[in-house]
Number of protein chains: 2
Amino acid sequence: MQPNKLKTAIVDDHPIVIEGLKNLLKNESNIELIGGFQDGETIMKYLESEKVDLILLDITLPDVNGMDLCLKIKKKYRSVIVLILSNRTERSIVVQTIQNGASGYLLKNSSLDELRLCIAEAVKGSICYSKEVTEILSRPSRNELLAAPRLTKREKQILELIAQGKTSQAIGEELFLSPLTIDTHRKNLLQKFQVKNVAELIMSANQQHLF
Amino acid sequence: MQPNKLKTAIVDDHPIVIEGLKNLLKNESNIELIGGFQDGETIMKYLESEKVDLILLDITLPDVNGMDLCLKIKKKYRSVIVLILSNRTERSIVVQTIQNGASGYLLKNSSLDELRLCIAEAVKGSICYSKEVTEILSRPSRNELLAAPRLTKREKQILELIAQGKTSQAIGEELFLSPLTIDTHRKNLLQKFQVKNVAELIMSANQQHLF
DNA sequence: CGAAAAATACCTAAAAACCAGTAGAAAAAA
DNA sequence: TTTTTTCTACTGGTTTTTAGGTATTTTTCG
């Protein structure tokens, strides 16, 4: 149906997975495999010069996290279709990647049929999940009921330092800011996460995979 | 060299990985692939009736954990060689699997050469790690430098409640204890984890997989 | 049983975090 | 270029945690 085959890239840090996927997809009539990439940097570099239609993207990568990479790709190359192929089953991760522009989310244990279907759906512009992912989405776990709050750059930075056990005083010195400012950010973080203190904050951030 | 090829089974919950491995190994002269298994139960069942020489085993499986499965296999079928092929990089996991009788540990991102080498070593009876695993074993990462402190029952309980954002006051009421007692436990927890405050405490506990 | 470990509870005092606001400047988005 | 968001900083007061102890009572285990 398509005039050209889908130029497809696989981004996964495991050569074995790349091998397996290549093998599974090599007989697909509408797919042209253009290569496997083991980290975020190499695929970004490749995208600068070459056209890609479809990216099968893992979440766990050595350099960047797949969620962020997805956003970065979609921001720069709007038309590229990104399908997440990961074994992370956390609801927050699924939701986040879709918000970041992914066209679907499959677990690595999904069948070739599911993969085929999702690619077809993605090309048509809709979003597609593998069966298990649909389940994950439908029954949110207690901890993840609250959507991950979107943090500003500063907030992320300060959250990180708080997690390192630093006091507002110390953070202020490190960032050349008043400790009072840090306190404000602290307050805002607590509010955004809807928690009462750092203990809960760090727990929540961990459950939301922010570290 | 061998009169017979090594009857090799792959145990991994990801069909894609199984595919990839099959592909990578199908041209090996000394290996006869007898199949892929997606969980612990199916391989155990298979072992009851069929002879297997080598098992490539993942740690993360749907039904049992690969470390335990390894022990179970080695207990029942002494002669089977088990090679772990996983992407879990925690030192404790590597050590545990070896103690459970595995003949080696490779990360999924290791090369075919490494895999080949490890299989050869394992057949000879020695234990073999992929390069990265050797590194993990030799210089334990920051998080794991401190052995997970062994906590008492009370401490675990209180840690849990602290993680829920409860104050010493609240915890005291909940457990019918003086808040001062909770403070003491708090202090002891900080000391055991060698941290300065709850933020670090919760981070550390998370990294040590205590939640 | 006796010793060690765990759990309990207290004191004092300082440090840090938390609460409830306000508000101007800078940066980003509409 | 407005408008909105983010970042900055403050006031003033309260609560909680942390740091340095000590000390008695239970449990647990050799």
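Note on naming: letters A, B, ... go to the chains in the order of the sequence lines (proteins, then strands), and numbering restarts at 1 for each one. Bear in mind the structure is a predicted one, so any value in this text is a computation, not a measurement.
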**Report entry** Donor-acceptor pair (no angle test) under 3.5 Å: T184(B) side chain, dC10(C) base
**Finding:** yes
Report task. Would you mind checking if E114(B) and K131(B) are paired as a salt bridge, meaning a charged N to carboxylate O distance below 4.0 Å? Result -> no
Report task. Indicate, with a heavy-atom threshold strictly under 4.0 Å, whether K153(B) touches base, sugar-phosphate, or nothing. Result -> sugar-phosphate
Report summary line: L190(A) CG to dT17(D) P, in whole Å, measures 13 Å
**Report entry** Gap between atoms CD and P, on E200(B) and dA17(C) respectively (whole Å)
**Finding:** 12 Å
**Report entry** Lys/Arg N to Asp/Glu carboxylate O, K124(B) vs E121(B), below 4.0 Å
**Finding:** yes
Query raised in the report: Tell me: CG of L189(A) to P of dC18(C), nearest whole Å?
Result: 10 Å
Query raised in the report: To the nearest angstrom, how far is F193(B) atom CZ from dT18(D) atom C1'?
Result: 17 Å
Requested in this report: Take the protein atom CD of Q157(A) and the nucleotide atom P of dC7(D), then report the distance between them rounded to whole Å.
Outcome: 9 Å
Report summary line: Winner on side-chain proximity to T152(B), out of dA9(D), dT8(C), dA7(C), is dA7(C)
**Report entry** Earlier contact from the 5' end, DNA chain C, for L177(B) and Q169(A)
**Finding:** L177(B)
Requested in this report: Determine whether K196(B) and T167(A) make a side-chain contact, defined as any pair of heavy atoms from C-beta on separated by less than 4.5 Å.
Outcome: no
Query raised in the report: Roughly how many Å is it from CG in D183(A) to P in dA20(C), rounded to a whole number?
Result: 15 Å
Report task. Assign each of S178(B) and R186(A) to its nearest nucleotide of DNA chain C by heavy atoms, then name whichever residue's nucleotide is nearer the 5' end. Result -> S178(B)
Query raised in the report: Does the side chain of T167(B) get closer than 4.0 angstrom to OP1 or OP2 of dT15(D) through an N or O atom?
Result: no
Report summary line: When rounded to whole Å, the CD1 to C1' distance for the pair I182(A) and dT6(D) reads 14 Å
Query - L180(A) side chain, from C-beta outward: closest of dT18(D), dA9(D), dA16(C) - result: dA9(D)
Query raised in the report: Is the shortest side-chain N/O distance from H185(A) to OP1 or OP2 of dC7(D) below 4.0 Å?
Result: no
Query raised in the report: Does any non-hydrogen side-chain atom of Y105(B) lie less than 4.5 Å from one of I59(B)?
Result: yes
Report summary line: Here the distance between atom P of dT18(D) and atom CD1 of I171(B), to the nearest Å, is 11 Å
Query raised in the report: Are V94(B) and Y129(B) side-chain neighbours, meaning at least one heavy-atom pair lies under 4.5 Å?
Result: yes
Query raised in the report: Across the strands shown, which category fits N197(B) at heavy-atom distances under 4.0 angstrom: base, sugar-phosphate, nothing?
Result: sugar-phosphate
Requested in this report: State which of dC18(C), dT18(D), dG20(D) makes the closest approach to the side chain of K187(B).
Outcome: dG20(D)
Query raised in the report: Taking only N and O in the side chain of T181(B), is any of them less than 4.0 Å away from OP1 or OP2 of dT8(C)?
Result: no
